[in-house]
J.: 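Sharing a structure here in structure tokens format.
Chain letters run A, B, ... following the sequence lines, proteins first and then strands; every chain starts at 1. No hydrogens, no waters, no symmetry mates; every other heavy atom, side chains included, goes into these values.
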Amino acid sequence: MSDLFKKELLFKILVVGDFGVGKTSIIKRYAEGTFSPKYKMTIGADFALKQLDWDSETRINIQLWDIAGHERFGYLTSVYYRYAVAAAIVFDLTRPDTFFAVAKWLADLRDKVSLPVGRPLPVIILANKGDVAANKVPPQIEEFCKKNHITSWYVTSAKENRNIDEAMNRVVVEVLENQRNNNLYNSDSVMLAEEMHTDKHNNGQLCCSR
Amino acid sequence: MQKTLSMYKQFLRQLHCYIIIIFQGVTPSLRRSVWKYLLNYYSWESTQKERDQVAKEKKEEYYRMKTQWMTMTKIQEDNFSDYRERKSLIEKDVNRTDRTYTFYAGDNNPHIQLLNDILMTYVMYNFDLGYVQGMSDLLSPILYLLQDEVDTFWCFVGFMEKVISNFDVDQAGMKEQLQHLHTLVAFIEPELSTYLDNHDSGNMFFCFRWLLVWFKRELSQEDVMKLWEVLWAGLPCPNFHLLICVAILETEKRALMDNNYGFTEILKHINELSLKLDVNFLLNKAEGIYRQIEESAHANDNVREILGLPKIENGNLDSPNTASFTYLDTTADHASVNIDTNEVSYERGISNSYL
């Protein structure tokens, strides 16, 4: 099928988490395929776009929102969260404190944004800097995910390009499933004009991947 | 007589600095000395002897504070979570501050260590504020210019005094500035302000980065130094940085509106202006806007107050009344100038300065 007839979807996906956990690096790796140790810390918010040819009939435009991690600027987040359809919460495997902050970020998301029908946003957790500390995965993570209805978490490395695509694909799958289940096709928040087709990329990866 | 002479000298020194800033003939060595006055390290009226004394005292004071955190034991740190958090945040941030500039590039760069030490010492100097993201961006150009730890620290303290409300715990200072910016845009570009209001952007959040670190992320090192000098000097008015914002927005107005951008696209467009802005053009334009407001009989007190202009008591703004004439006494010909014609004021701004 030619590009002209492809169905275009736009997904706004938030990337949140404590300062310095690698949000910008993950986004740049995913959207631009690059990594640099020289990224500046994010002030306010920024975002990157990535186009996914999901299947022969669907093109997905992903808008990844890179949201500053400093607590002080938390009042800004509700505006940046608006219209999001999913979120990734990132923590840094080399800094245990940042895992404990995941709960805080989840609460912030739950508090400030939900899908148009009032259902919670699908969320995944990324345990970043897996190139340095893959063996330091906090044992509580399984329990945490279960308790908070989070279906997936991944050990990632933006530096070594590990699991980033897999994790983002998983997010997309969850968004598509969500939309199918909720029949949200006429949502006024994002452009979801047409009925979704069965996605062919769902590789059934429902368990957690390391 | 002695006093008059010293006041005269002080006036000349200040005037000299301002002329330098305005005409932009600042060489690095001159700038090094000018900044110390602009950032209240030295007072304008000081003598050389007094400055030597200040430098000596400030140096001792700095190292006393630096020793305080450097000698903290592990147990002390373990029992002091606020301190630990700040230390870790500073360490993270200095390692991602201007690493693309040669001065801060590479592994184990000593200048990164200096940024770290100065910010840590600032935590001891002002523990209530401590460290908030953005501060490393404000520090970096000062160290780059002065290349002296102690001088840089005290100049940074002076800079922080000017922008401390940007880092309020409740962010009241930032919120107020965003509101003021909206007020100014509504006055200068009502069409744009209505557009922003109708496109989820009346909160002006897309200008957050500009305001937090005074365009540090938008301009090159050289240009940001030039801009900060003007802003530190308070020329031509307080809150001039808000008029720089207005100048950019006015320039981008058509791009934003003609493309029918919403909240997301506006943020993206604004963020992508980074390193594409011309500081001289903006300074000229912002000054033009200031002159326009200064001379406008229509500017209400809200607008005037933001820019430190005297209020028009009477409130009847449509016709130039006696009250407004009292304040606008330098410009007897105002009634005949159509202030709403932007070009007039812009031309004046351009011819007056910054060229």
Side-chain angles (χ1 to χ4, degrees), chain A residues 10-14 17-25 27-28 31 36-49 61-85 92 94-98 100-101 104 129 188-191, chain B residues 81 84-85 88-101 104-107 129-137 140 166-175 178 200-213 215-218 262-265 267-268 270-272 274:
Chain A
L10 175 66
F11 290 173
K12 171 173 176 176
I13 297 172
L14 309 170
D18 261 10
F19 65 86
V21 295
K23 298 181 290 293
T24 304
S25 296
I27 289 172
K28 297 266 184 190
S36 159
K38 291 180 184 168
Y39 294 131
K40 294 179 177 178
M41 62 93 177
T42 308
I43 297 178
D46 208 340
F47 60 84
L49 301 170
N61 294 298
I62 298 184
Q63 210 178 66
L64 280 165
W65 281 65
D66 188 355
I67 292 167
H70 196 302
E71 228 176 359
R72 181 76 41 117
F73 307 121
Y75 73 101
L76 291 163
T77 55
S78 56
V79 172
Y80 297 136
Y81 288 175
R82 206 158 31 180
Y83 308 141
V85 296
D92 175 351
T94 66
R95 285 153 63 211
D97 285 353
T98 63
F100 297 111
K104 190 196 75 188
K129 306 195 186 178
D188 58 358
S189 58
V190 282
M191 283 139 257
Chain B
S81 59
R84 260 192 341 265
E85 262 168 46
S88 135
L89 187 53
I90 289 171
E91 195 191 322
K92 275 276 162 223
D93 279 3
V94 296
N95 278 297
R96 41 190 187 157
T97 300
D98 292 332
R99 299 307 294 274
T100 50
Y101 294 128
Y104 291 114
D107 294 340
L129 177 67
Y131 173 78
V132 181
Q133 287 200 314
M135 285 167 60
S136 70
D137 276 282
S140 142
N166 285 11
F167 303 99
D168 289 341
V169 176
D170 59 2
Q171 285 287 285
M174 283 302 292
K175 288 174 188 166
L178 292 166
D200 283 341
S201 300
N203 54 31
M204 312 301 282
F205 277 7
F206 56 92
C207 301
F208 182 83
R209 190 170 77 192
W210 294 354
L211 297 175
L212 186 76
V213 292
F215 306 94
K216 168 67 171 34
R217 296 291 181 90
E218 323 308 318
F263 176 79
T264 303
E265 294 87 2
L267 179 70
K268 185 172 164 63
I270 294 296
N271 279 355
E272 285 174 355
S274 176

J.: May I ask you to name which of B/Gln171, B/Arg99, B/Lys175, B/Glu85 has the most heavy-atom pairs under 4.5 Å with chain A?
T.: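 Option with the top pair count is B/Gln171.
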J.: Heavy-atom distances under 4.5 Å only: say whether B/Ile270 touches chain A with side chain, backbone, both or neither.
T.: neither
J.: Where does A/Glu71 contact chain B at under 4.5 Å (heavy atoms): side chain, backbone, both or neither?
T.: neither
J.: Could you have a look at A/Gly44, A/Gly74, A/Ala45 and say which one has the most heavy-atom pairs with chain B under 4.5 angstrom?
T.: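 Most heavy-atom pairs under 4.5 Å with chain B: A/Ala45.
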J.: With only heavy atoms counted, which part of B/Lys92 is less than 4.5 Å from chain A, the side chain, the backbone, both or neither?
T.: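 Contact with chain A involves the side chain of B/Lys92 alone.
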J.: Pick one of side chain, backbone, both or neither for B/Asp170, based on which atoms fall under 4.5 Å of a heavy atom in chain A.
T.: neither
J.: Are B/Lys216 and A/Ile43 packed together at the side-chain level, in the sense that at least one heavy-atom pair is separated by less than 4.5 angstrom?
T.: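 Side chain of B/Lys216 against side chain of A/Ile43, heavy atoms only: no contact under 4.5 Å found.
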J.: Taking C-beta and beyond as the side chain, do A/Asp46 and B/Arg209 meet within less than 4.5 Å on heavy atoms?
T.: yes
J.: Which pair of non-hydrogen atoms, one from A/Phe19 and one from B/Ser88, has the smallest distance, and what is that distance?
T.: CZ-OG, 3.7 Å
J.: Can you find a pair of side-chain heavy atoms, one from B/Phe208 and one from A/Phe73, that are under 4.5 Å apart?
T.: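 They are in side-chain contact.
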J.: So do the side chains of A/Phe47 and B/Leu267 get within less than 4.5 Å of each other, counting heavy atoms only?
T.: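 With C-beta onward as the side chain, the pair touches.
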J.: Does any non-hydrogen side-chain atom of B/Asp200 lie less than 4.5 Å from one of A/Arg82?
T.: yes
J.: Considering only heavy atoms, which portion of A/Tyr39 lies under 4.5 Å from any heavy atom of chain B: side chain, backbone, both, or neither?
T.: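 Answer is backbone: N, CA, C or O of A/Tyr39 sit under 4.5 Å from chain B.
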J.: Looking at NE2 of A/His70 and OH of B/Tyr131, how far apart are the two atoms once the value is rounded to the nearest 0.5 Å?
T.: 7.5 Å
J.: Let's go through A/Leu76 and B/Met174 carefully: what are the C-alpha distance in whole Å and the side-chain angles of both, what is the deciding distance for side chain to side chain contact (heavy atoms under 4.5 Å, CB included) to 0.1 Å, and is it a yes or a no?
T.: CA-CA 11 Å; A/Leu76 291 163; B/Met174 283 302 292; over 6 Å; no
J.: Which one wins on heavy-atom pair count under 4.5 Å against chain A: B/Thr100, B/Asp168, B/Val169, B/Thr97?
T.: B/Val169
J.: Under a 4.5 Å cutoff for heavy-atom pairs, which residue among A/Met41, A/Arg95, A/Lys38 has the most contacts with chain B?
T.: A/Met41
J.: Quick check on B/Phe206 against chain A: is it the side chain, the backbone, both or neither that has a heavy atom closer than 4.5 Å?
T.: neither
J.: Where the side chain of A/Arg72 meets the backbone of B/Gln133, is there a donor-acceptor pair that is under 3.5 Å apart?
T.: no
J.: Are B/Asp98 and A/Lys40 ion-paired here, with the side-chain N under 4.0 Å from a carboxylate O?
T.: yes
J.: Parallel under 30°, tilted from 30 to 60°, perpendicular over 60°: which one fits the rings of B/Phe205 and A/Tyr80?
T.: tilted
J.: Between the side chain of B/Asp93 and the main-chain N/O of A/Gly20, is any donor-acceptor distance below 3.5 Å?
T.: no
